[in-house]
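To start, the structure itself, in structure tokens.
Just so you know, ligand 1 is whichever comes first in the structure, and atom 1 is the first atom listed for that ligand. The basis for the numbers below is simple: all heavy atoms, side chains too, and nothing from hydrogens, waters or symmetry mates.
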Amino acid sequence: MGKLHIVGFGPGDLKNMTFWAKDAIDKSDVIIGYETYIELLAPYIQGKEVYETGMTEEIDRAIFAIKKAKDGKVVSLVSSGDAGIYGMAALVFEVLLESGWKVGDDPEVEVIPGVTAANACAALVGSPLSLDFAVISMSDLLVPWEIIEKRIRTAAMGDFVIVIYNPKSKKRNWQLTRARDIIMEFRDPLTPVAIVKSAFREGQSVKFTTLKDLGDDSILGMLATVIIGNSTTFIKNGIMLTPRGYSTKYEVKLK
Ligand code: SAH
């Protein structure tokens with residue numbers, strides 16, 4: 001029986017890859033992924049059967065990976081971050097379930113979790129996600145904008161820290177400022193914001209700004225994640241922090 005690993009390999013570097021992800025990749029005969037991911041993994045997949053595809057070929061990539069595993073191969077379909085978070089796992093299961101596949105059938109499928117962009121980026125700025133947070137993608141390719149807008153509004157209303165994936169691209173140029181305006185209906189314009197580009201990859205950069213100024217930073221793009229604080233989040237001495245609330249109950253001084 002073939003085996004299909006759906007591997008989240010983290011934000012990009014080896015130290016953020018789980019042992020399980022590395023092990024699955026090591027054990028695979030075939031590696032399939034979007035070209036940028038294959039480039040990132042190049043040092044670890046030498047000598048394997050490797051297939052790179054373009055960004056818009058996700059359905060073909062999923063079908064191809066399933067076919068290879070059905071041929072009896074050990075396959076890793078690789079996604080950055082976590083493959084179950086805006087990644088390839090859902091698509092693979094959609095294709096499989098559509099064909100009548102069920103757990104126990106050929107191929108065996110395993111989803112291997114990875115460090116997603118949200119907590120990778122958060123780690124680079126301090127601890128902004130210490131309490132309830134919501135992740136919202138600005139991509140309206142598959143989700144209608146009205147639904148995205150509803151989610152932005154309700155997350156803002158609920159005082160969630162908001163993490164924004166896919167904030168901006170050449171074509172996606174107004175969604176982030178629209179999101180900012182909605183959030184400002186509920187939140188202080190001076191709410192701290194972090195923009196992290198290419199976390200744990202070449203070209204990594206971090207910028208702090210405020211909600212009212214969010215929108216035009218040059219590091220915004222498809223490789224950036226935006227973290228918008230809640231009503232208690234602050235930036236101090238280079239650290240973005242959403243305090244857990246201990247200091248309201250206990251003394252948190254260094255002794
Ligand atoms: N499956 C991925 C998310 C894919 S959606 C994960 O779990 O991380 C793609 C979006 O993720 C990008 O537009 C960007 O907002 C964010 N992203 C992915 N990798 C990133 C990185 N290394 N640094 C900053 N943001 C990243």
Side-chain angles (χ1 to χ4, degrees), residues 5-18 20-21 24-25 32-41 53-58 61-62 65 76-94 111-126 128-129 133-143 148 151-152 155 161-177 179-180 193-209 214-215 217-228 240:
H5 301 109
I6 311 174
V7 182
F9 63 85
D13 62 345
L14 182 63
K15 67 176 184 277
N16 280 301
M17 209 184 287
T18 66
W20 191 15
I25 290 170
I32 302 166
Y34 167 51
E35 51 214 7
T36 307
Y37 303 161
I38 295 293
E39 262 170 50
L40 285 167
L41 293 175
T53 55
M55 179 87 106
T56 53
E57 299 159 59
E58 292 190 319
R61 201 185 307 156
S76 277
L77 175 61
V78 295
S79 259
S80 82
D82 184 287
I85 300 178
Y86 310 97
M88 290 296 293
L91 189 48
V92 168
F93 286 124
E94 270 182 64
V111 182
I112 299 176
V115 175
T116 190
N119 59 340
C121 295
L124 287 172
V125 298
L129 309 183
F133 66 95
V135 179
I136 305 176
S137 166
M138 293 295 104
S139 172
D140 52 359
L141 292 177
L142 299 169
V143 179
I148 298 174
R151 290 178 184 156
I152 296 164
V161 173
I162 300 174
V163 180
I164 295 183
Y165 280 13
N166 299 300
K168 209 170 179 182
S169 68
K170 276 204 190 92
K171 284 190 197 149
R172 190 174 306 123
N173 51 20
W174 55 266
Q175 284 85 342
L176 184 66
T177 37
R180 173 202 66 196
V193 170
I195 307 170
V196 182
K197 183 186 171 197
S198 299
F200 301 102
R201 292 188 195 174
E202 216 183 297
Q204 172 181 300
S205 62
V206 174
K207 192 180 169 198
F208 289 131
T209 181
L214 177 61
D217 297 271
S218 59
I219 66 168
L220 281 167
M222 289 303 287
L223 291 172
T225 292
V226 176
I227 303 176
I228 300 170
M240 181 177 187

Just to verify, what does Thr225 make a side chain to side chain donor-acceptor pair (under 3.5 Å) with, not counting sequence neighbours?
none
Ser79 (side chain) donor-acceptor with Met88 (main chain) under 3.5 angstrom
yes
What heavy-atom pair brings Gln175 and Asp140 nearest, and what distance separates the two atoms?
NE2-OD2, 3.2 Å
I'd like the contact residues of ligand 1, where contact means a heavy atom below 4.0 Å.
Pro11, Ser80, Gly81, Asp82, Ile85, Tyr86, Thr116, Ala117, Cys121, Tyr165, Asn166, Pro167, Val196, Ser198, Ala199, Arg201, Met222, Leu223, Ala224, Thr225
Check: Val135 main-chain N/O paired with Arg151 side-chain donor or acceptor under 3.5 Å:
no
Residue pairs, two or more places apart or on separate chains, that pass salt bridge (charged side-chain N to carboxylate O under 4.0 Å, His left out) and touch residues 193-208
Lys207-Asp217
Going by atom type alone, with no hydrogens or angles, which donor-acceptor pairs under 3.5 Å involve a side-chain atom of residues 112-121 and a protein atom two or more places apart or on another chain?
unit_1	atom_1	unit_2	atom_2	d
Thr116	OG1	Tyr165	OH	2.7
Asn119	OD1	Thr116	N	3.2

